[in-house]
Protein chains: 2
Amino acid sequence: MKRKVTIRDVAYLAGVSISTVSRVVSNKVNVNESTRQKVQKAIDQTGYEPNYTARALATKNTDTIAVIIDRSPTLSLGNSFFIDSLEAISTKLNEYKKDILLVFSEANYSDEHSKVKSLIQSNKIDGVIKLSVQRNDETIKYLVSTGIPTVVIGRPNEDVLYVNNDNTLAMKEATEYLISQGGKKIAFVGGNSKLVVTLDREQGFREALDKADIYYDDSYIYYEGFTIDSGYKIADTLIENNFDSVACTDDLIAYGIAKRYNEKGKKIKIISFNNTLLSEFSPIPISSVDIDAKKLGKEAVELLLGENNNKKHSIIDTNIIFRS
Amino acid sequence: MKRKVTIRDVAYLAGVSISTVSRVVSNKVNVNESTRQKVQKAIDQTGYEPNYTARALATKNTDTIAVIIDRSPTLSLGNSFFIDSLEAISTKLNEYKKDILLVFSEANYSDEHSKVKSLIQSNKIDGVIKLSVQRNDETIKYLVSTGIPTVVIGRPNEDVLYVNNDNTLAMKEATEYLISQGGKKIAFVGGNSKLVVTLDREQGFREALDKADIYYDDSYIYYEGFTIDSGYKIADTLIENNFDSVACTDDLIAYGIAKRYNEKGKKIKIISFNNTLLSEFSPIPISSVDIDAKKLGKEAVELLLGENNNKKHSIIDTNIIFRS
DNA sequence: CTGAAAGCGCTTACAG
DNA sequence: CTGAAAGCGCTTACAG
């Protein structure tokens, strides 16, 4: 690899100072058109590309945003939510000329946010987007305490920008759909009670039943992992207890339940979230709430970098895909 | 936010020069134990954390590895391969104290590798891991031309480090399994003929049939998108043509086929790749080759950063999960 | 073992 | 409009 061409080389070739080269590179005003052309020519000739690190040091701007994905064991990466929102974030970030520094965080370990901490302390990133919110989210607290620009996807307790769906309302409406279909004994199966989103959905479930005056108690509420397998396993319990309907927080769980019911030749009405391929191709119809992962990601970036100065959060519409 | 503490502050507090502070921070030898302690104390007191950008500028080392994911329309991100290998890469990279700069590349656009190009030219990254190999992969060619340390997952034509499965052998063995189960008329359904991996698997399919002297011609070879839907659609054609077995390159396709056959009450033997949840929970058994995405990711990092200086590539074992 | 100095490659007041 | 100079916060020969 030959030596990289620097601003100095360009300046020399164009017969100007490095200040001037810097100005044309960063598209500053106050550059005479003919000098600009001279410099541009030298840039083209040399293939000059400014050194990112040097610029970052001088400007204190890294143009890099950390995106944090929790990988607690109960939070399944199998869910396409992550890759979908990630892609949307990437696309949007590109428009702002920013890059993604990807971090899988160990929400369950004591050195919880050590990774995030060191990224921030060492000035490697300018901002962060966190893809989930835990019930007592230490990382978010830390983020807030540092003052680094942050957007979380979910509903944080802290005073921090966020984008979210109205999960309670969405689950309420989804549950009401089950009721409208004749549901009398309805179970709730949640993925991970450590996540705020799960609790919000449970809340919506309760609200719908309360409103319709349909009986339920805590024994109707189940918490399992975010996996097909856990849905599959819980299904036998649901069958034993003669539920006619079930509201799930995630397609993986819902699919496992559908699979098992189908094997047993039993019927059940299912609603769920994320509208993934699984709900679409389930052996027993699964109506599923589309949370619009791409929009969530896109909006997160807008909130972080956009012009909407006073906007504190953004709520993304959900959309139930009915199947029966 | 208060001003960040710099090396100068620590030096002043400890009563030493910044050179000395730098030495203890980077764990250099040749530091007197008592000075080291003095400095360490000052570091602890101030909470000093070296500035990443400044260090990177001085050392010309960014400790950042770009990971490139192609997002050509035919390459489904729904496949958990991406998130699985990504996570493994992240874990392994952490051991080397490196971070991931995530790039979704637009393999289908003319400014194909512009993103990658600018990352390299601007010295923002030290190396790259690319998660797939296209048939005539311009990005890989470019990477090689720059001399930047690179590892690709797949089988590249260029002289570049790579980690891969023996896809031809794996598909050959999988197809032989179909034959052993009595398969006489076997179709091949591939996901994306632009990917080398798909062609390698087709090759294995052909080898197995040739060896067993089972008839096939080009009309037995289908290429569809990497989606459940495309599998679902192709299924009718397979049914019309009375195939008794099918070898697919991806679980998404295989699942779609299984779904449709099941609806029609038809039988077919299916083998596939990736051993995802879909193959596990398919209505018609799908035997699936586990390519070990995590291992692929892990090894990619080892190849890039490990001690094995002379190693040019690494082949990861596959493992067929038989289901019937 | 330790420090002064140069250097990494930019940006940006400041002066003209 | 343009340039000389200082500065961003480190690292690392070099000298002692």
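Note on naming: letters A, B, ... go to the chains in the order of the sequence lines (proteins, then strands), and numbering restarts at 1 for each one.
- B:V25 comes within 4.0 angstrom of nothing in the nucleic acid, heavy atoms only.
- Checking D:dT11, C:dG3, D:dG3 against every side-chain atom of A:V16, the shortest atom distance belongs to D:dG3.
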From CA spacing to verdict: side-chain hydrogen bond (donor to acceptor under 3.5 Å, both in side chains), B:E158, B:Y142: CA-CA 10 Å; B:E158 293 72 21; B:Y142 173 72; over 6 Å; no

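- Contact between the side-chain N/O atoms of B:Y52 and the OP1/OP2 oxygens of D:dC8 is not found at any separation under 4.0 Å.
- Within the structure, a side-chain polar atom (N or O) of B:T35 is placed less than 4.0 Å from OP1 or OP2 of C:dT2.
- Among the heavy atoms of the strands lying under 4.0 Å from A:S19 is at least one base atom, whether or not backbone atoms are also near.
- Where B:R36 and A:I18 meet DNA chain C, the nucleotide closest to each residue was compared, and B:R36 sits on the side nearer the 5' end.
- Of the side-chain N and O atoms in A:S22, one or more sit less than 4.0 angstrom from OP1 or OP2 of C:dT11.
- The nearest whole Å value for the distance from the NZ atom in B:K60 to the P atom in D:dG9 is 19 Å.
- Within the shown strands, nothing qualifies as a pairing partner of C:dA4 under the Watson-Crick or G-U definition with both distances less than 3.5 Å.
- Between C:dG3 and B:S17, a contact under 4.0 Å exists linking OP1 or OP2 to a side-chain N or O.
- For A:T20 and D:dG3, the shortest distance from a side-chain N or O to OP1 or OP2 is below 4.0 Å.
- Checking C:dA13 for Watson-Crick or G-U wobble geometry (two distances, each under 3.5 Å) identifies no partner in any strand.
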Verdict with reasoning, B:K4 to B:N51, per side-chain hydrogen bond (donor to acceptor under 3.5 Å, both in side chains): CA-CA 9 Å; B:K4 288 278 302 179; B:N51 178 297; over 6 Å; no

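- A donor-acceptor contact shorter than 3.5 Å links the side chain of A:T198 to the backbone of A:N192.
- Side-chain N/O atoms of A:T53 include none lying less than 4.0 angstrom from OP1 or OP2 on C:dC8.
- In this structure a side-chain-to-backbone donor-acceptor pair under 3.5 Å is present from A:D9 to A:T6.
- B:R55 has its CZ atom 19 Å from the P atom of D:dC8, to the nearest Å.
- Within the 3.5 Å criterion, the main-chain N or O of B:T62 finds a donor-acceptor partner in the side chain of B:Y52.
- Rounding to whole angstrom units, CG of residue A:N27 and C1' of C:dT11 are separated by 15 Å.
- Of the candidate nucleotides C:dT12, C:dC10, D:dG3, C:dT12 has the atom lying nearest to any side-chain atom of A:T59.
- Across the protein-nucleic acid pair, B:N51 atom CG and D:dT11 atom P stand 10 Å apart, rounded to whole Å.
- For D:dC8, neither phosphate oxygen OP1 nor OP2 lies less than 4.0 angstrom from any side-chain nitrogen or oxygen of B:K4.
- Side-chain proximity of A:V31 to D:dT2, D:dG9, D:dC10: nearest is D:dT2.
- Taking atom CD of B:E49 as the reference point, atom P of D:dC10 lies 10 Å away to the nearest angstrom.
- If you take NZ of A:K38 and P of D:dC1, they are 14 Å apart, rounded to a whole angstrom.
- The interatomic distance linking B:N61 (CG) with D:dC10 (P) rounds to 16 Å, in whole Å.
- B:R8 has its CZ atom 13 Å from the C1' atom of D:dT11, to the nearest Å.
- Take the nearest nucleotide of DNA chain C for B:A54 and for A:R23: the residue whose nucleotide is more 5' is B:A54.
- A side-chain donor-acceptor contact under 3.5 Å links A:K141 and A:N136.
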